[in-house]
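See below for the structure under consideration.
The chains referred to below are lettered A, B, ... by the order of the sequence lines, with proteins before strands, and numbering in each begins at 1. Worth saying up front: this structure is predicted, and the values here are computed from it rather than measured.
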Amino acid sequence: MTLNKETLLNWYKKMLHTRFFESQVDAFFAKGMIHGTTHLSIGQEAFAIGSTAALHADDLITSTHRGHGECIGKDADLNRMMAELMGKSNGYCKGKGGSMHIADLEKGNLGANGVVGGGFAIAVGAALTQQMKKTGKVVLCFFGDGASNEGSFHEALNLASIWKLPVVFMCTNNHYGMSMSVSRSTAVANIADRAASYEMPGITVDGNDPIKVYEATLAAVERARSGEGPSIVEGITYRWLGHSKSDANRYRTKEEIEAWKDRCPIKAFEQYLIKNNIISQQESDEITAGAKDDIVRAVEFAQQGSYPGIETLEEDVYA
Amino acid sequence: MTLNKETLLNWYKKMLHTRFFESQVDAFFAKGMIHGTTHLSIGQEAFAIGSTAALHADDLITSTHRGHGECIGKDADLNRMMAELMGKSNGYCKGKGGSMHIADLEKGNLGANGVVGGGFAIAVGAALTQQMKKTGKVVLCFFGDGASNEGSFHEALNLASIWKLPVVFMCTNNHYGMSMSVSRSTAVANIADRAASYEMPGITVDGNDPIKVYEATLAAVERARSGEGPSIVEGITYRWLGHSKSDANRYRTKEEIEAWKDRCPIKAFEQYLIKNNIISQQESDEITAGAKDDIVRAVEFAQQGSYPGIETLEEDVYA
Amino acid sequence: MTMALITYKEAVRQAMQEEMRRDENVFLLGEDVGVYGGAFGVSLGMLEEFGEERVRDTPISEGVIAGAAAGAAVTGLRPIAEIMFSDFITIAMDSLVNQAAKMRYMFGGKAKVPMVLRMPGGSGTGAAAQHSQSLEAWLVHVPGLKVVMPSTPYDVKGLLKTAIRDDNPVVFIETKTVYNKKGEVPEEDYAIPFGVADIKRVGKDVTVFATGVMVHRSLEAAEILAKEGIDVEVIDPRTLVPFDKETLVKSVIKTGKLIIVHEACKRGGFGGEVAAEVMESEAFDYLDAPIKRVAGKNIPIPYCMELEKSAVPQVDDIVNAVREIV
Amino acid sequence: MTMALITYKEAVRQAMQEEMRRDENVFLLGEDVGVYGGAFGVSLGMLEEFGEERVRDTPISEGVIAGAAAGAAVTGLRPIAEIMFSDFITIAMDSLVNQAAKMRYMFGGKAKVPMVLRMPGGSGTGAAAQHSQSLEAWLVHVPGLKVVMPSTPYDVKGLLKTAIRDDNPVVFIETKTVYNKKGEVPEEDYAIPFGVADIKRVGKDVTVFATGVMVHRSLEAAEILAKEGIDVEVIDPRTLVPFDKETLVKSVIKTGKLIIVHEACKRGGFGGEVAAEVMESEAFDYLDAPIKRVAGKNIPIPYCMELEKSAVPQVDDIVNAVREIV
Ligand SMILES: Cc1ncc(C[n+]2csc(CCOP(=O)(O)OP(=O)(O)O)c2C)c(N)n1
Ligand SMILES: Cc1ncc(C[n+]2csc(CCOP(=O)(O)OP(=O)(O)O)c2C)c(N)n1
Ligand SMILES: [Mg+2]
Ligand SMILES: [Mg+2]
């Protein structure tokens, strides 16, 4: 596996972008500058970025309610993301979608989803297009541990398997679906164990290590691309913040959260890069500062945007 | 395992009842004396009867569109079954349900179901009642191989597992869901393999051997009754007739059908009983004749019944 | 135009075949649509012509049938997905309503979801409560969906072509009890635009607005009433979304009387919507009598044949309703 | 009666608590209803009182939540099942519509299915298209279901008790934007019968029929209009099935004018049904003006706050509609 410096730094930057983007959103949310609800993936960046790194630029993804990282992994424009969250017309969805519905079809992002499990069938259909049109493209279908208990998971994985579709089911196992721990909600310990029901490979990796995530995803992607069908790739990680704004964290301990914060994927990756002499601390600081600036610019872009006019209200219901 | 003569003869009789009941239905259907649609289980009798034989009288079942056998296994009244199929007011559902909706709540039959996969969640809920009320009763949830690809299968089995509910999922694997063979529709070879996704035992047995079916079911039922949770029991069998009236059998060969007819579960069981000196040929003939007579009586009963009056049309929508 | 006399079912099949020949992006998926030809034989022979790649048997998984259609549509194919009975749309509602119908709007107009979800609806086959429903009212209530409900071979072929060519999710409800009814259909390619009602019978005394099989029953009723000197106009909207209000309003202005007939149960059915639309229109002032709905009873469909018949409007019910109003 | 001032949310919780204390067969299941207290905190504290056995967190599996409730109900329990947002009922439709609602009829009257399916509905939280729908019209169209839609703390408590005690599947739609609204509620046990509308404001000039949060907006509108000398009667049906037609008809006979207000999108909404019912009643002859519907736009709910507001009726819209009609 040759991962050159440029590649690794790109990942690092995207992980930082995700972190800073979401920290900013969190702050804006607290101030009432972003409304509605938002689900932050702080602590989970390595899985989103390591996995999407295994894709070609024209491959596809379907994402979830907690999808900012995957979106950034798939090269989304931070400006338009921030604008969308602020409900502006220069946002990805012209202010009509918000955090849960960011889509970037040109870049192959078929959309986040407000319905848990809502993306499975869409990903399977998108993979069918690739197979029938022989595009050679692959679809990554992101979902959470909790989503694996929806019936849509089962129907989609079975169909993908029997049709040998080029789709990889990417489980962000952050230990909880809202307040339900995996051990309480799910009959198996690892979601990837369920691959057995669909005669596909299932692998569970450290979701906080972008290189491990990348390698596992790449293997599954290559398998899918070569026509051998779908797999499950599961990354074990942790959601640092509450599920959404309404979460008082009653279902877990401070100690547990702190222990996972100690395993910060971004810190760990920085240390890896420095220890392996890929970058210096100074370079890291510069990248970090640059990533922060990008978010400042995104905020500026968003703030300059206008709210969608009332005349757009009934537009775009039908093509 | 001590299965006394009386027990075995009871099974034999129920298998014959199922066969003759359905043959009669088939004939009536051809003559237009039974309308709508009907799904016959001829060839599958051993699984329905062997499995329900493992239950106590007050245990429960949920059944399917092809559920006459299970209904008979659960001691249904043949008269009221036939009357129901003829749409008569003395039928099980006062003529409002027909073949796909026969239910006998007093005997613990929570109903056939016209929706493939419609029974999974109901069975799980019924099992929850038994657990919460500590009744010691068990629920058998019958379903077909095809039904195992519905999302409802997945949601129900996961919930049953994590709550350790007293339910056993009984798969009548007759090789086809309408025209789709299991190998085309389903990612795994045996439906019981899917037990792995729910950390429950799964066993596949010869569905044409009522004793093997009984033994496997009994083990699963005892496990459930003792609070250890659900299992899958799958019986491999074969549907001799078309899926329903509209079936031209285009998806399978005559040879395949004939080969399975040679493995008639009723013939085989008769031979077993005779060979093991449990009954003589003469006794068998008598039982057979008696079973036929029971169907004749059922037809008489049904024919004497009246059609439900128009005044019943809007009755029983609400309790 | 050369006309051929074909069944409703054949018309559906021809529309699919011709569109699949015309556009390689069009394909069919659903339970037993291949060698079995669908539960009603609608797609018989299509597997032979188009092969397994384009006539796809699916497992019994309605959620993924509709959802995969949406995913395929949004990435460039034009799927025709079949739900074996419209009753099972219950299982596909999330894919259809929360995904397919909303994608375009949620994404700020970027997505196109050109899919057709075909399904036979209605009662009359003795298949009882879970195989006999008429659920079009649900779908009419979902922004982002178009809803089509053709009653004749001519309409079903022309509208299915339009549906397949449309860039939106279209729910296409076939009337199963008319599958074997014959009618004249042009041999040439034609398509019927959405949102154009068809006046199936011109009359001056009363407007009967009917959908699906009720169009046929209304026409029968009209013949009976004609003998009594009552001249009935029968309007078939053909598409419920978009809805051709204009044709209906004009007719009501002419006749002053409106009876709405549908098979779906009355409470919460499409009839209420139509009544309210007419009332909110300029036709209100021309109404000589209250608008009347003749619709299914508010009950699940019973099995027994006589009860089943009584559960939904029959010719007599329409005749009586007209007599009462004129 | 001693009255307490409590929120709508507390009223829901109290109804559940009191019924669970009264009847050991009553229990609550749903996603995150336990330690989390539900997405809106409705069931906070219930786990502590009743334990995990009777306050059951479920996996994210709406189909089996509703279906297991039906199975538990038909075998002797009285489940209260929660769907976190009414939008996700799409996933539970088969369990609810084809199973729970039809069991009794299909089985010839033998089954009882005493379950309540609670769910918050409506827009106004900035959560966009998949978390903001008002889908009551679908459920009204399903024979076998009862449909309740309370607007105040008093109503929600009294109606939830009735729902829990009812032997049928009851869909109980809570108005999420009024969860924190306070109102007077008796401290004694009380229950409100189904099928009895509440005249929330007596007036003589025009009848405004409203559901859910629109009851509050209509009352606000009425106050504004009162200053202009227009005396508005506001009727809240409280239960959509069964429906109290009588109260509405009487009111319309009195005022001669009817405006129907709901949040759900207009096309195919409950308003059409109400309009048609009134038109078919003796009130038709008393109508001085066409019945008017003020309802949600036929669009998915957009994210941006201003657009979201414009998507559904606001106080001004109701005021304007009344002004136009009187
Ligand atoms: C169908 C559906 N049910 C419930 C919800 C409410 N909800 C939103 S996120 C969530 C938890 C999802 O858990 P998981 O799949 O593990 O993803 P995570 O939130 O941990 O990223 C729930 C229950 C929803 N949005 N959609
Ligand atoms: C939800 C649903 N989808 C489709 C059908 C139509 N249908 C009835 S039976 C059947 C095949 C079921 O296969 P399986 O579960 O193997 O049972 P079998 O018929 O073999 O007994 C199908 C597709 C249905 N009744 N319900
Ligand atoms: Mg999670
Ligand atoms: Mg089968």
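There is no side-chain donor-acceptor pair under 3.5 Å between A/Arg184 and A/Tyr251. With 3.5 Å as the limit, one finds no donor-acceptor pair spanning the side chains of D/Gln130 and D/Asp87. With no hydrogens or angles considered, a side-chain donor-acceptor pair links A/His68 and A/Ser99 at under 3.5 Å.
In this structure, D/Phe85 and D/His131 have perpendicular ring planes: the angle between them is above 60°, well past the 30° mark.
Between chain D and the residues A/Cys93, A/Gly98, A/Ser244, the most heavy-atom pairs under 4.5 angstrom are made by A/Gly98. Residue with the most contacts toward chain D among A/Ala147, A/Pro308, A/Gly309: A/Pro308 (heavy-atom pairs, distance under 4.5 Å). When the candidates A/Thr38, A/Thr37, A/Thr186, A/Asn113 are compared by the number of heavy-atom contacts under 4.5 Å with chain D, A/Asn113 comes out ahead. The residue among D/Val35, D/Ile301, D/Asp32 with the most heavy atom pairs within less than 4.5 Å of chain A is D/Asp32. The candidate from D/Ala127, D/Gly41, D/Cys304 with the greatest count of non-hydrogen atom pairs under 4.5 Å with chain A is D/Cys304. The candidate from A/Glu150, A/Met86, A/His243 with the greatest count of non-hydrogen atom pairs under 4.5 Å with chain D is A/Glu150. Among A/Leu85, A/Val116, A/Asn249, the residue making the largest number of heavy-atom pairs under 4.5 Å with chain D is A/Leu85.
For the pair D/Arg118 and D/Phe172, the cation does not sit on the ring face, since its NZ or CZ is not both under 6.0 Å from the ring centre and inside 45° of the axis. At least one test fails for D/Lys182 against the ring of D/Tyr8: distance under 6.0 Å to the centre or angle within 45° of the axis.
Contacts of A/Tyr318 with chain D are made by side-chain atoms alone, with heavy-atom separations under 4.5 Å and no backbone atom involved. If you measure heavy-atom distances from A/Met178 to chain D, the contacts under 4.5 Å come from both the backbone and the side chain. Heavy-atom distances place the side chain of A/Thr312, and not its backbone, under 4.5 Å from chain D. Only the side chain of D/Leu44 comes within less than 4.5 Å of a heavy atom in chain A; its backbone stays farther off. For D/Phe88, the part lying near chain A is the side chain, with the backbone staying farther off; criterion is any non-hydrogen pair under 4.5 Å. Only the backbone of D/Asn298 has a heavy atom closer than 4.5 Å to any heavy atom of chain A. With a 4.5 Å cut-off on non-hydrogen atoms, A/Asp316 does not touch chain D at all. Interface remark: A/Tyr307 contributes side-chain atoms only to the contact with chain D (heavy atom separation under 4.5 Å). Only the side chain of A/Val317 comes within contact range of chain D, with heavy atoms under 4.5 Å apart.
A ring-centre distance under 6.0 Å is not found for D/Tyr303 and A/His101.
In terms of modelled atom types and a separation under 3.5 Å, the side chain of D/Lys309 and the main chain of D/Gln314 share no donor-acceptor contact.
Proximity of A/Arg239 to A/Thr172: side-chain heavy atoms (C-beta onward) are nowhere separated by under 4.5 Å. Between A/Lys96 and A/Glu315, the closest side-chain pair of non-hydrogen atoms falls below 4.5 Å. Between D/Lys297 and A/Leu313, some side-chain heavy-atom pair lies under the 4.5 Å cut-off.
Other residues, nucleotides and ligands contribute at most 12 non-hydrogen atoms within 6.0 Å of the CD atom of A/Glu106. The number of heavy-atom neighbours closer than 6.0 Å to CD of D/Glu49, taken from other residues, nucleotides and ligands shown, is above 12.
Close approach to chain A, defined as a heavy atom under 4.5 Å from one of its heavy atoms, is seen in D/Asp57, D/Thr58, D/Pro59, D/Ile60, D/Ser61, D/Glu62 of residues 53-63 of chain D, taken by number.
Between A/Cys71 and the choices A/Met81, A/Lys107, A/Glu84, the side-chain contact (heavy atoms from CB on, under 4.5 Å) rule is met once, by A/Met81.
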